[in-house]
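Counting starts at 1 for both ligands and their atoms, in listed order.
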Amino acid sequence: MRTIREIQDRITELKKETGVCILAHSYQSPDILEVADITGDSYKLSAAAGETDAKKLLLCGVHFMAETAKLLNPEKRVYEANPDAGCPMAEQFPPEVICAAKAKFPGCAVVAYVNTTAAVKAVSDVCVTSSSAVKIVSNMEQKEILFIPDCNLGAYTQKHCPDKNLHFLPGGCPQHSAITADEARAAKAAHPDALLLVHPECRPEITEMADYVGATSGILNFARKSEHRSFIIGTEISIVQHLALECPEKRFYPISNRLCCPNMRVTSLSDVERVLREIAEGSAAELTLPEDIARDARRCLDEMLRLGG
Ligand code: 13P
Ligand code: SF4
């Protein structure tokens, strides 16, 4: 049986041979992050996919992230390390439900969280990520907005955009939204000196308790730069592990051991090696999207870059 190091060395060789750029979401395991060329949250991955010169991209994360990379870089070849890794929030509402909601809220602009399928983006007006939602919504001309699918991120955005009128569908991240205010209070009671850093996908009663609210990269940067010594991490539990490895002089505690995304655990280091080998052999399955959906979804992402830039 090979060691992790041996698999990583083979991945490095295959990357050189194929010219592939590996993009990995921060929720991936450390052995994958170590071989990735670009790591970060959804926004950073979207932006970086367009900036790299590489013509082939391999996404380690969940399906909508690979779709987003393809939409923003139609000329590049995009591969998924494991196509079974999906996001339940992204698949919560099919495009028909969004079209029916548009009819129910006439005149509303539809703002879609990037955690949606390309088909849902195609029937929406503008995309946002958790780090750009407030800026983009406040830069929009329209006052009436249908914000989908995450009503927790929507409530956070509404609070920071008081001039806008946001409407919601009852959607959200099953992992972040499951965490209760009691769990947050228990974590604070157990670690009274720790700052509470929370992702806006958490319920409003939790973001209201937080010392800092931000997307994954925001939480990572806050914890790295802060002079404070201990932190309760109100996002996916892998971030606790990454920060503990990166900042050994500081203490990091999960808001709850339940905040663990099984979808982000689907991809393994062996998947990364296998797909790179298939790319080298010319047998890897490339991600493709129907042309009409790609065109309309791309417009929604271009609008995100225009209003968030
Ligand atoms: P960000 O990457 O925007 O922080 O979102 C977190 C998440 O749940 C990704 O699926
Ligand atoms: Fe989807 Fe939530 Fe997992 Fe992110 S953490 S991939 S939003 S289920």
Q: Select all protein residues for which some heavy-atom-to-ligand 1 distance is less than 4.0 Å, and list them by chain and number.
A: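 Residues near ligand 1: His25, Tyr27, Asp41, Ser42, Met65, Tyr113, Asn115, Ser130, His199, Glu201, Ala215, Thr216.
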
Q: For the CD atom of Glu51 and the CG atom of Asn73, what is their distance to the nearest 0.5 Å?
A: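 Glu51 CD to Asn73 CG: 10.0 Å, rounded to 0.5 Å.
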
Q: Return each pair, listed once, that meets ring pair (Phe, Tyr, Trp, His ring centres under 6.0 Å) where at least one residue sits in residues 57-100; pairs must be two or more places apart or across chains.
A: none

Q: Check atom 2 (Fe) of ligand 2 and write out every protein N, O or S atom at under 2.8 Å, as residue and atom.
A: Cys173 SG

Q: Return yes if a side-chain donor-acceptor contact under 3.5 Å exists between Ser29 and Asp31, otherwise no.
A: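 A pair is found: one side chain offers a donor N or O, the other an acceptor, under 3.5 Å apart.
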
Q: Is it the case that more than 12 heavy atoms not belonging to Glu227 sit under 6.0 Å from its CD atom?
A: no

Q: Between side-chain atoms of residues 296-303 and protein atoms elsewhere (two or more places apart, or another chain), which donor-acceptor pairs fall under 3.5 Å?
A:
unit_1	atom_1	unit_2	atom_2	d
Arg298	NE	Asp302	OD1	3.0
Arg298	NE	Asp302	OD2	3.3
Arg298	NH1	Leu71	O	3.2
Arg298	NH1	Leu72	O	3.2
Arg298	NH2	Asp302	OD1	3.3
Arg299	NH1	Ser124	O	3.4
Arg299	NH2	Ala122	O	3.3
Arg299	NH2	Asp296	O	3.3
Glu303	OE1	Arg306	NE	3.1
Glu303	OE2	Arg306	NH2	2.8

Q: Does one hydrophobic cluster hold both Leu259 and Met264, with members joined at side-chain heavy-atom distances below 4.5 Å?
A: no

Q: Can you see which heavy atom on Gly86 is nearest to which on Val62, and at what distance?
A: O-CG1, 3.4 Å

Q: Keeping Asp125 on the side-chain end and Ala109 on the backbone end, is there a donor-acceptor pair under 3.5 Å?
A: no

Q: Between Lys56 and Lys76, is any pair of side-chain heavy atoms under 4.5 Å apart?
A: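 Side-chain contact under 4.5 Å: no.
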
